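Report on the following structure.
Order of appearance sets the numbers: ligands from 1, and atoms from 1 within every ligand. Model, not experiment: these values are computed from the prediction.
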Amino acid sequence: MNTSSLAEESGIVPTMIRAAAQAKIEVHPLRRNISVLEGSGGKIAVLTGKDGKLLIDAGFTVSKPRVAPALDSLSTDPITRLINTHWHVDHTDGNAWLHAAGAAITAHENTKKHLSTSTRVEGWSYTFAPAPAEALPTTTFRDAHRLRQNDTSLTLKYYGPAHTDSDISVVFEEADVIQVGDAWWNGFYPFIDYSTGGSIDGMINATKWNLSVVTEKTIIIPGHGPVADKARLTEYYNMLVAIRENVAELKRQGRSPAETIAAKPTAAYDAKWGQFLMTPAIFTQLVYSGV
Ligand SMILES: [Zn+2]
């Protein structure tokens with residue numbers, strides 16, 4: 001086994017898959033005919049109704065034996081549509097089985113681009129093989145896309161480069177619910193994928209935009225972490241901006257990445273945000289790369 005496959009075996013991607021393989025799937029009803037499934041990588045939102053189930057994000061394939069009954073528990077509607085918030089494996093790995101089950105797949109054009117080819121994510125020390133043809137989005141868009149299903153108007157909007165270069169938000173208009181994908185990890189320092197166009201400033205811009213379109217009543221579905229509201233999203237925004245400034249100042253002083261990590265620019269936030277996959281040191285390095 002060479003060094004790179006060793007890294008792949010012990011890295012973040014296998015860790016996420018092992019977690020999904022063991023996790024039970026929890027179902028959280030939100031508002032109207034919208035629910036969220038938790039326990040298979042990124043959050044999976046489900047809109048039920050006469051036009052068939054619409055899912056946002058697909059989770060990991062290893063979760064299919066638990067995701068399928070969870071979907072059945074919501075309604076008997078067939079699965080007819082899937083939207084991907086971005087290209088990452090913890091949101092798209094289940095595309096193939098959901099497509100086989102009946103879902104047309106809608107995503108940003110860069111999601112299709114990255115899934116279509118071999119793609120390296122340096123931050124995960126992992127190279128993804130091209131996804132099978134049946135896992136690829138069947139409808140793509142560049143800036144915005146609207147659709148209507150189950151008496152619900154959905155607006156899909158591209159953030160511009162943020163966590164990757166393929167991130168979109170999805171708004172359920174009548175229900176006042178927004179899914180923001182990995183622009184928000186609620187309660188955790190977020191991963192930022194510089195290999196496919198992400199950056200700290202892109203994350204901050206996406207979060208600023210999210211704050212501009214929600215109200216105190218809006219239900220916000222993050223990519224990871226609990227469903228929450230504007231107050232909690234505001235805390236996240238303030239954290240991103242403060243750490244970005246701390247790290248930028250150290251870099252301006254000429255500190256190396258190791259010296260910047262040693263200076264603990266995230267210290268005030270670590271107890272609250274630094275307890276998941278992205279440790280304070282990893283997150284500091286991610287921010288340093290973008291300032
Ligand atoms: Zn992601």
Report the name of the N/O/S atom of His88 located nearest to the Zn ion (ligand 1).
ND1
Tell me, which N, O or S atom in His86 is closest to the Zn ion (ligand 1)?
NE2
So with a 6.0 Å cut-off around NZ of Lys50, is the heavy-atom count from everything else above 12?
yes
Ring centres under 6.0 Å, that's the criterion: do Trp124 and Phe191 meet it?
yes
Assert yes or no for the condition that the ring centre distance of His163 to His88 is strictly below 6.0 Å.
yes
May I ask you to check whether His224 and His91 place their ring centers less than 6.0 Å from one another?
yes
When you measure from the Zn ion (ligand 1) to the N, O or S atoms of Asp182, does any of those distances fall below 2.8 Å?
yes
Do you see an N/O/S atom of His91, backbone or side chain, under 2.8 Å from the Zn ion (ligand 1)?
no
